[in-house]
Amino acid sequence: MLADRKKHKSILVVDTCPQEDSDEPDQMIVDMLEDTGFDTDKIHFTTVFDHFIEKPSKSMIRKNTHLQDELRRIKPKFVLLVGNTALQAALGKTGIKKERGRPEEIDGTVFYPVYSPAYVGYDERQAPILKMDIVNFQNIVTHGKIPREEGLSVRIVRSLADFRRCVRDLAGIVSYDLETSGLYPWAADAEIRSLGFGTADHQWCIPIHHPDISWTAEEIEYMIDELDQRMQSGEVKLITQNGKFDMLWSRVKYKLRWKMYFDTMLAHYLLDENMNHDLKYLSKIYFNAPDYDVDVEIKQFRGPLNKCCEYQAHDLYYTRKLYFRLKKELKQDLGVQNVFDHILMPCANLFVGIEYRGVFVNHQDFDKAEKHLRAKIADSLKVLGKYADINWGSPKQVGSLLYEKLKLPILVKTKKGAPSAGESALKQIDHPLSKALLEYRGAKQQLSFFIEGWKPYLDKNRLHPSFKLHGTVTGRLSCENPNLQQVPRDPLIRSLITAPPGYTLVEVDLSQIELRIAAHMADEQNLLSAFERGIDAHWLTMTREMGRSGSNAKLVLETASALVQRKVKNFGEAIDIIFEAGPDACAELDPRWKEFRKKAKAINFGYLFGMWWRKFIQYARDNYDVEVTEKEAQDSRISFFDSYPGFEPWHKAQRKFASRHGFVRSLSGRKRRLPDAMSNRDTPEKQEALRQSINAPVQSFANELNLMALLQISEEYPAPICYPVGTVHDACLLEVRDDMVAEVTRRMLKIMEGPDLLKKFDIHLKVGIEGEAKIGPWSKGVSLEKWEKQYAEKV
DNA sequence: TGCTGATGCGCG
DNA sequence: AAAGCGCGCATCAGCA
């Protein structure tokens with residue numbers, strides 16, 4: 001009891017300044033402290049300024065000595081810094097968002113920054129964070145110091161003798177972690193600052209580049225060599241947290257090709273796709289670890305050596321510890337365990353190579369495209385300049401010009417009810433300005449996304465996009481820096497991506513894969529038999545819809561007549577003729593058929609995944625300048641489900657399963673957790689979850705098929721014959737050595753029809769899978785037949 | 001001045 | 001009552 005009291009006396013709470021009307025400390029803080037178990041009567045309260053002050057400036061805080069006086073007078077052991085001003089006055093740094101919850105010890109006093117109650121009042125979502133921080137502060141006070149992980153045993157390698165001890169300790173389950181100068185290994189000054197290994201007994205830090213340690217180049221080379229030999233021995237199983245990052249750096253900087261055995265981030269991704277997967281968060285929820293996050297300076301190994309190593313040691317320690325825990329959790333669920341073992345971990349290792357290789361960019365075309373876009377922007381600006389001198393990139397300014405100055409009718413509103421200056425609005429506005437503006441926006445966006453946006457990442461002739469295997473809740477990959485998956489289909493941009501001399505780019509995609517999977521899952525007989533007969537599903541939907549609605553009668557009769565070379569007068573007969581002829585034959589006669597098929601594609605996906613007819617009206621208007629009446633839209637939806645009667649029962653079953661169990665699974669066993677689906681109330685969130693229960697397994701499995709094929713082809717045709725360079729959801733991009741293009745393409749198409757891994761997952765599809773290959777610069781590729789002809793002529 | 005959220009648009 | 005799903009990036013506006 002006595003000890004407690006003594007401790008309490010040494011606590012100081014620092015706010016910004018007294019309130020205008022009272023000298024009492026802030027009530028929210030007092031309440032939170034008491035809720036956590038503090039006796040606030042025994043806590044000192046003070047402020048940075050001894051009088052009320054509206055907005056303290058940086059220099060005012062610097063000049064003010066009140067807090068320093070208080071610190072000298074009270075000599076607290078624990079100081080709670082409330083808000084950014086207190087943080088700055090006490091520690092001389094700002095940035096409460098970053099610093100909150102990070103204790104710092106100076107001369108035996110622990111300073112602990114938290115949000116100010118004013119901020120919480122302004123944004124109440126921050127309240128739980130403040131509360132959590134206060135609890136952590138209490139934890140520090142009862143411990144009497146910043147809690148340290150007790151299992152930690154840091155070993156800093158300062159000599160070759162240390163290093164040899166380290167290598168001897170590397171056996172069995174070993175965590176691996178690097179500290180680097182940044183995130184992009186191809187940056188000009190990028191370097192690995194420290195290698196770390198976590199074993200059962202120690203956390204070994206090998207500071208390669210730190211001001212306090214100096215190695216000769218030979219010594220570094222020796223150590224890397226020794227480590228490489230140790231890894232090749234097969235006696236070490238490497239555990240990583242987002243190890244693709246560390247392995248990529250290791251490969252770029254030291255040509256190392258180590259294999260990851262288990263990645264904790266990917267494991268947790270499969271166990272709960274809805275949460276974060278960063279190590280600090282995982283250590284906290286699994287082991288109640290303290291927040292050991294530090295400034296970038298220390299993360300990048302520029303701070304005091306022992307602090308840097310201690311940080312790295314935490315990463316190593318928890319990564320290894322997480323392995324044992326997550327391994328057990330995966331074991332509880334055979335479905336996700338399979339996805340982890342046979343897809344995610346192999347892909348993690350494969351994608352190191354994919355990112356290392358990157359995609360090849362044609363430099364000449366790149367410069368040409370830049371010039372072309374700049375000219376286009378200048379031209380449209382010339383036109384726009386006649387109307388006003390404003391920032392044409394600002395929707396607000398454009399909006400006020402359109403609707404206030406020019407008094408154009410407001411046809412579309414934004415979600416917040418403001419008059420919209422978006423694409424859908426501009427398309428409906430009949431004014432020369434809108435055309436120029438649309439052109440301007442398009443060119444400007446292409447320039448800033450794909451020309452300017454790519455420049456910082458260009459490493460000679462290559463981009464190295466980063467794929468996140470944990471990037472989506474459905475299991476698809478996401479891609480960034482830059483995002484290869486959002487490159488426009490416009491050949492001006494897309495064809496910039498190609499292959500280097502001696503190699504050819506091959507894109508292979510799974511044709512209509514989501515519809516095929518849906519047909520399988522729903523056991524939808526009409527669609528299944530359509531696929532069996534080799535009919536294009538979008539074409540089927542399109543002709544059915546036209547036959548029902550009787551739209552575009554003139555075109556239908558004309559095309560049918562041209563196809564059979566006689567006058568066709570009966571509409572139904574004409575539709576049948578068109579259906580049998582297929583999209584390619586019709587598109588040759590009239591390009592509109594291509595558009596109609598595209599529209600049907602959107603209808604298929606929209607209605608299949610729960611789109612309502614209202615959205616269809618908007619879609620038809622925005623994309624096809626077609627005004628569809630409410631009745632027509634409603635009918636089209638009904639007609640879709642009449643055409644494919646298997647879908648409704650399947651939708652029902654998915655929804656029912658999700659609302660009962662709170663999750664659904666894809667064919668591979670991957671789980672999509674949808675807790676909102678279990679809600680008793682019929683909220684928009686629940687409806688959203690129910691729609692996801694239909695979409696997620698389809699999207700998820702489409703991606704898995706694609707990855708299975710990618711894994712298999714890269715095993716059968718490894719470098720230097722074939723380099724996988726990326727995926728775009730249902731497509732793979734490969735760079736294939738010129739002399740092997742036909743063989744590899746043919747094999748890949750075959751693999752896509754049924755990857756070997758399907759057997760391992762015991763999946764038997766009722767529907768055939770087809771691949772489609774395009775050979776040549778991206779978006780300009782040709783079919784295998786065409787390519788072989790051209791290639792034969794060239795040789 | 002640097003962050004966050006909203007918007008808009010590219011892709012599947 | 002309201003109803004396709006999944007992403008990343010640039011830009012602007014609003015705020016501290």
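Numbers restart at 1 for each chain; the letters A, B, ... are given by sequence-line order, proteins then strands. Just so you know, these numbers use all the heavy atoms, side chains as well, and skip hydrogens, waters and symmetry mates.
Aromatic ring centres of F531(A) and H520(A) lie farther apart than the 6.0 Å criterion allows. In this structure, Y644(A) has its ring center at least 6.0 angstrom away from the ring center of Y607(A).
With rounding to whole Å, E688(A) atom CD is found 15 Å from dA1(C) atom C1'. Following rounding to the nearest Å, D490(A) (CG) and dC9(B) (C1') show an atom-to-atom distance of 14 Å. Between the CD1 atom of I617(A) and the P atom of dA2(C) there is a distance of 16 Å, given to the nearest Å. One can place CZ of R681(A) at 13 Å from C1' of dA1(C), the figure rounded to the nearest angstrom. Between the CZ atom of R614(A) and the P atom of dA2(C) there is a distance of 10 Å, rounded to whole Å. In this structure, Y619(A) places its OH atom 15 Å from P of dC9(B), rounding to the nearest Å. Rounded to an integer number of Å, the gap from CD1 of I96(A) to P of dG2(B) is 19 Å. Atom CG of L447(A) is separated from atom P of dG10(B) by 15 Å (rounded to the nearest Å).
Considering only side-chain N and O atoms, K615(A) lies under 4.0 angstrom from the phosphate OP1 or OP2 of dG4(C). Applying the 4.0 Å criterion to OP1 and OP2 of dC5(C), one finds that R691(A) has a side-chain N or O inside that range. Put simply, N481(A) has a side-chain N or O that comes within less than 4.0 Å of OP1 or OP2 on dC9(C).
Residue ring and base: W612(A) counts as stacked with dA3(C) (centre distance below 5.5 Å, interplanar angle below 30°).
A cation-pi geometry, defined here as NZ or CZ lying under 6.0 Å from the six-membered ring centre and within 45° of its normal, holds between K671(A) and F663(A).
Between the side chain of D459(A) and the backbone N or O of R462(A), no donor-acceptor pair lies under 3.5 Å. H464(A) places a side-chain N or O within donor-acceptor distance of the main-chain N or O of E355(A), the cut-off being under 3.5 Å. A distance-only check finds no donor-acceptor pair linking the side chain of R374(A) to the backbone of A369(A) [under 3.5 Å]. A distance-only check finds a donor-acceptor pair linking the side chain of Y269(A) to the backbone of G475(A) [under 3.5 Å]. Here the side chain of R637(A) pairs a donor or acceptor atom with the backbone of M611(A) at under 3.5 angstrom. Remark: the backbone N or O of I769(A) is not paired with any side-chain donor or acceptor of R516(A) at under 3.5 angstrom.
Looking at which nucleotide of DNA chain C each of N695(A) and E452(A) is closest to, the 5′-most match is held by N695(A).
Out of dG4(C), dC9(B), dG8(C), the shortest distance to the side chain of F605(A) is found at dG4(C). Closest to the side chain of R494(A), from the set dT4(B), dG12(B), dC7(C), is dG12(B). The side chain of T472(A) approaches dC7(C) more closely than any other nucleotide in the set dC9(B), dG4(C), dC7(C). Here the side chain of F449(A) is nearest to one of dC7(C), dA3(C), dA10(C), namely dA10(C). Ranking dC11(B), dG8(C), dA2(C) by closeness to the R489(A) side chain, first place goes to dC11(B). The listed nucleotides are dC7(C), dG12(B), dC9(B); the one nearest the side chain of D730(A) is dG12(B). Of all nucleotides listed (dG6(C), dA10(C), dC3(B)), dA10(C) comes nearest to the side chain of S448(A). Nearest to the side-chain atoms of Q486(A) among the listed nucleotides dG8(C), dC3(B), dG4(C) stands dG8(C).
Judged by distance alone with a 3.5 Å cut-off, a donor-acceptor contact links the side chain of R476(A) to the base of dG6(C). A donor and an acceptor atom never sit less than 3.5 Å apart when one is taken from the side chain of Q485(A) and the other from the base of dG12(B). With hydrogens and angles ignored, no donor-acceptor pair under 3.5 angstrom links the side chain of N84(A) to the base of dA16(C).
Note that CG of D365(A) is 9.0 Å distant from CG of L492(A), once rounded to the nearest 0.5 Å. Atoms CZ and CG, on R476(A) and N706(A) in that order, are 10.0 Å from each other to the nearest 0.5 Å. The CD atom of Q699(A) sits 7.5 Å away from the CZ atom of F609(A) when rounded to the nearest 0.5 Å.
Rounded to the nearest Å, the gap between the P atom of dA3(C) and that of dT7(B) is 15 Å.
Residue contacts for R637(A): at a heavy-atom cut-off of 4.0 Å it reaches no nucleic acid atom on any strand shown. Within the 4.0 angstrom heavy-atom criterion, no nucleotide atom of any strand lies near D509(A). Here P684(A) lies out of heavy-atom contact (under 4.0 Å) with every strand.
DNA chain C is contacted by Q699(A) of residues 697-706 of chain A, taking any non-hydrogen atom closer than 4.0 Å.
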Watson-Crick or G-U pairs under 3.5 Å in DNA chain C, rendered as dot-bracket with [ ] for crossing pairs and | for another strand
....||||||||||||

